[in-house]
Amino acid sequence: MLRIVLSIIGLIILLAPVACPQEILITDFPLGVGGTINPDFFKPYYPQLQVLADTLQKYSLARAVIVGSADGTRYESDNDAKNPGLALGRAHVLRNLLITEFHVDSTQLLIQSTDVHAQGGQYRFVSIRVDRELEEMDTRLDTLAQQPIVQRPITEVREITNYLTENMGLRLSAGVSSSPFGGIPIVTGAVVWKKAVFIEGVVGHTFWSNSYRFEGASLDTWRRMAGGQLTIYPWKRTAVGIVGGWIRVEEISQKYYAFVKLSEGPVLGVRVTPHRHATITGLYNPARHRVAGDRISKPKNGQFIVTITLHVDVGGGK
């Protein structure tokens, strides 16, 4: 029975520092002593300091506050200026002792100071306090570690990404187009949505020369084309789409790099896909024309543009 009682008393002694906030008060510092003091001064407090150090080492999230104090003893030579320094010095002495002798992590120690006007050894003190309830720390940390990570935001992002990649793609094309001034090689790039909507850019340029008479001189010229088109396939089972957009065609002088002929205007027509890698597009182009020297373009109705392209699809777009 005596052994059981002693065991219970020992267990209570071991658990008492964990169950309650730990605080140690060291008083009666020598007068005028701040940053230097005989280590033997702290010897009577070593058992308490060891228990506190063990607590800080076991619980890395815990913090201890060290408060140094100076009493109201006046130092006439420095007009009491020594007192704040004494208070901080005494706190740092204990801090350094905990780090060097008890191997406490310096990041767990916080320094404060106080200045008391009353005189006496009880006011020349250093106190240290662990300000954390630790009895359920391990349980709380284990509970947090076992909680599942919420994946919903990541899952939603993946679902959106999969939806876009499955339904959005690119189409790259190359071919030839007619124009008001003759044929032009073209390339196009389109963003595709579900193989039903195409937002397309068109550029073209000849790699051969033509001639143009201007004010009695013969000029070598190139043709170039730029524009944008929107194509919609309204019927899923029919490879016929409706096309609308804007096209600008220029014949430019190689010598002056300025247009000698210009045509620009809207286009509206249809696109047929006779093969999975080929398209034929017919466009009505009521464009306005201008030649070098004219200030105002003139309408030229009844103009048609035909393009034939081969294409490759990249990405989704069911």
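Residue numbers run from 1 in the order of the sequence given.
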Please report the interatomic distance [atom1]([X]) to [atom2]([Y]), rounded to the nearest 0.5 Å.
X: H117; Y: D71; atom1: NE2; atom2: CG; result: 11.5 Å
X: I128; Y: L97; atom1: CD1; atom2: CG; result: 9.5 Å
X: T27; Y: Q122; atom1: OG1; atom2: CD; result: 8.0 Å
X: I26; Y: D28; atom1: CD1; atom2: CG; result: 11.0 Å
X: Y59; Y: Q108; atom1: OH; atom2: CD; result: 12.5 Å
X: T231; Y: R171; atom1: OG1; atom2: CZ; result: 9.0 Å

Open item on the list: Taking CD1 in I232 as the centre, count heavy atoms belonging to other residues, nucleotides or ligands within less than 6.0 Å. Is the count above 12?
Closed with: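 Counting neighbours around CD1 of I232, more than 12 heavy atoms of other residues, nucleotides or ligands fall under 6.0 Å, so yes.
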Are the side chain of [X] and the backbone of [Y] linked by a donor-acceptor contact shorter than 3.5 Å?
X: T206; Y: R223; value: yes
X: S179; Y: F181; value: yes
X: H311; Y: L172; value: no
X: R90; Y: F125; value: no
X: Q57; Y: F102; value: yes
X: R129; Y: E23; value: no
X: D220; Y: S253; value: no
X: T114; Y: S69; value: no

Open item on the list: Test of understanding: with side-chain contact (heavy atoms from CB on, under 4.5 Å), list the residues that count as partners of I111, not counting sequence neighbours.
Closed with: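 Listed in chain order: I66, L88, A91, H92, R95.
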Flag yes if [X] and [Y] sit in one hydrophobic cluster, no otherwise; membership is Ile, Leu, Val, Met, Phe, Trp, Tyr, and two members link when side-chain heavy atoms are under 4.5 Å apart.
X: V67; Y: L109; result: no
X: L310; Y: I305; result: no
X: I37; Y: Y46; result: yes
X: I184; Y: V202; result: yes
X: F304; Y: V243; result: no

Open item on the list: I want to check something: taking the side chain as every heavy atom from C-beta on, are K261 and P180 in contact at a cut-off of under 4.5 Å?
Closed with: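 The answer is no; the side chains never approach within 4.5 Å.
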Task: Pairs meeting criterion salt bridge (charged side-chain N to carboxylate O under 4.0 Å, His left out) with involvement of residues 262-284, two or more places apart - done: E200-R271, R248-E264
Open item on the list: Less than 3.5 Å apart, any donor N or O on the side chain of T309 or T279 sitting next to an acceptor on the other?
Closed with: yes
